[in-house]
Amino acid sequence: MKRVLVLFLVLVTTIFAEVKTELKSYKVLVDKEGVETKVEAQSAAPGDIIEYNFFIANETEEALERLNPGIPVPVGTTLIPKETNPEGYLVSINQRDFYPYPILEEGVPVNDSEYRLVSWNIEKLEPGKSLNLDIQVKVNGGDGQ
């Protein structure tokens, strides 16, 4: 999975040399009082919540238009839709076709563990502006949930 993310970042950085991008992962910890903290994710175990933050900064002198950044949802994890920001995102189960959440198959929402990519349609990113895109996933246990 790390190789896919590194390749993704290299491709984005290569294509947009004057656009700063950074993808970070954090483990979300909740203490006994319900206080949430985030630490750099070094490892993950079933049941852990991992947050991916994709930062994009326009360091050019012109607005960037029609951006479609995405964050992959690793196999073996389940997307937590209520923690996806900003709203207005699209999801994919095949990394090719995107739809607003939730995707319905025969009128029934697909399981959140089937999503493989979350994407946003950013109409314009002005010079000097930046975006933070976030998703959270839960690491599945042995039963796939």
Side-chain angles (χ1 to χ4, degrees), residues 1-31 34-42 44-141 144-145:
M1 180 185 80
K2 286 184 180 180
R3 284 185 267 181
V4 171
L5 295 178
V6 170
L7 177 60
F8 173 74
L9 290 176
V10 169
L11 289 174
V12 170
T13 304
T14 302
I15 294 169
F16 300 110
E18 295 180 14
V19 175
K20 180 181 179 186
T21 61
E22 185 174 41
L23 180 64
K24 291 187 175 185
S25 59
Y26 301 94
K27 188 181 292 190
V28 179
L29 306 173
V30 180
D31 67 15
V35 177
E36 187 177 282
T37 58
K38 297 173 186 172
V39 297
E40 187 175 330
Q42 298 291 327
D48 285 350
I49 304 296
I50 305 296
E51 178 172 297
Y52 294 96
N53 173 265
F54 187 40
F55 173 79
I56 306 168
N58 182 359
E59 297 178 350
T60 71
E61 295 180 9
E62 296 181 18
L64 301 173
E65 297 182 359
R66 295 179 298 281
L67 299 174
N68 300 105
I71 301 176
V73 178
V75 172
T77 66
T78 298
L79 180 67
I80 304 173
K82 66 182 175 105
E83 299 297 335
T84 300
N85 293 298
E87 292 182 359
Y89 60 92
L90 302 172
V91 290
S92 175
I93 58 175
N94 62 12
Q95 298 182 334
R96 189 179 55 246
D97 303 310
F98 292 88
Y99 304 95
Y101 177 85
I103 294 176
L104 302 177
E105 289 183 346
E106 298 181 16
V108 178
V110 301
N111 190 300
D112 291 337
S113 64
E114 294 183 46
Y115 295 112
R116 290 294 146 249
L117 192 61
V118 178
S119 181
W120 290 262
N121 290 326
I122 309 299
E123 289 301 317
K124 187 181 282 191
L125 185 58
E126 296 291 344
K129 299 293 182 181
S130 62
L131 289 171
N132 277 299
L133 308 171
D134 301 295
I135 69 168
Q136 285 187 3
V137 299
K138 182 175 183 179
V139 178
N140 298 339
Q145 297 297 318

Heavy-atom nearest pair, Ile135 first then Pro72, reads CD1-O, 4.0 Å
More than 12 heavy atoms of other residues, nucleotides or ligands under 6.0 Å from CD of Glu87: is that the case? no
Should Tyr26 and Val39 be marked as a side chain to side chain contact (heavy atoms under 4.5 Å, CB included) after you check the CA-CA gap, both sets of side-chain angles, and the distance that decides it? CA-CA 5 Å; Tyr26 301 94; Val39 297; over 6 Å; no
Glu61 CD: over 12 foreign heavy atoms closer than 6.0 Å: no
Nearest heavy-atom contact between Ser25 and Ile50 is CB-CG2, 4.2 Å
Using distance alone, with no hydrogens and no angle criterion, decide if Asn121 and Tyr89 have a side-chain donor and acceptor under 3.5 Å apart. no
Do any N or O atoms from the side chain of Ser119 and from the backbone of Pro69 form a donor-acceptor pair under 3.5 angstrom? yes
Quick check: do Ile80 and Val137 have side-chain heavy atoms less than 4.5 Å from each other? no
Should Thr84 and Trp120 be marked as a side chain to side chain contact (heavy atoms under 4.5 Å, CB included) after you check the CA-CA gap, both sets of side-chain angles, and the distance that decides it? CA-CA 11 Å; Thr84 300; Trp120 290 262; 3.8 Å; yes
Can you list everything that forms a salt bridge (Lys or Arg N to Asp or Glu O under 4.0 Å) with Asp48? Sequence neighbours excluded, please. Lys27
Do Asp134 and Asn85 have side-chain N/O donor and acceptor atoms under 3.5 Å apart? no
Close side-chain approach of Leu117 and Val73, heavy atoms under 4.5 Å: no
Nearest-0.5 Å distance that lies between atom CG in Leu67 and atom CD in Glu123: 9.5 Å
Evaluate the side chain to side chain contact (heavy atoms under 4.5 Å, CB included) criterion for residues Leu104 and Val110: first the C-alpha distance (whole Å), next the side-chain angles of each, then the deciding distance (0.1 Å), finally the verdict. CA-CA 6 Å; Leu104 302 177; Val110 301; over 6 Å; no
Before giving the answer on side chain to side chain contact (heavy atoms under 4.5 Å, CB included), spell out for Val28 and Glu36 the whole-Å C-alpha distance, their side-chain angles and the decisive distance to 0.1 Å. CA-CA 7 Å; Val28 179; Glu36 187 177 282; 3.4 Å; yes
Nearest heavy-atom pair of Ala45 and Val139: which atoms, and what distance? O-CB, 3.4 Å
Can you find a pair of side-chain heavy atoms, one from Leu23 and one from Tyr52, that are under 4.5 Å apart? yes
Please name the pair of heavy atoms, one in Tyr115 and one in Pro102, separated by the smallest distance, quoted to 0.1 Å. OH-CA, 3.6 Å
Looking at CD1 of Ile103 and OG of Ser92, how far apart are the two atoms once the value is rounded to the nearest 0.5 Å? 6.0 Å
Heavy-atom donor-acceptor pair, Asp31 side chain to Gly34 backbone, under 3.5 Å: yes
If you round to the nearest 0.5 Å, how far is CD1 of Ile122 from CG of Leu125? 8.0 Å
Would you say that Phe55 contacts Leu131 through its side chain, given a criterion of any heavy-atom pair below 4.5 Å between the two side chains? no
Provide the closest heavy-atom pair for Gln136 versus Ile49 in the form atom of the first, atom of the second, distance. OE1-CG2, 3.5 Å
Under the salt bridge (Lys or Arg N to Asp or Glu O under 4.0 Å) test, which residues partner Lys38, sequence neighbours left out? Glu51
Any side-chain donor paired with an acceptor under 3.5 Å for Asn140 and Thr78? yes
Minimum side-chain heavy-atom gap Leu90-Val118 below 4.5 Å: no
One should read off an interatomic distance between Glu126 CD and Thr60 OG1, to the nearest 0.5 angstrom, of 9.5 Å
Using every non-hydrogen atom in the two residues, find where Ile93 and Arg116 come nearest and quote the distance to one decimal. O-CG, 3.9 Å
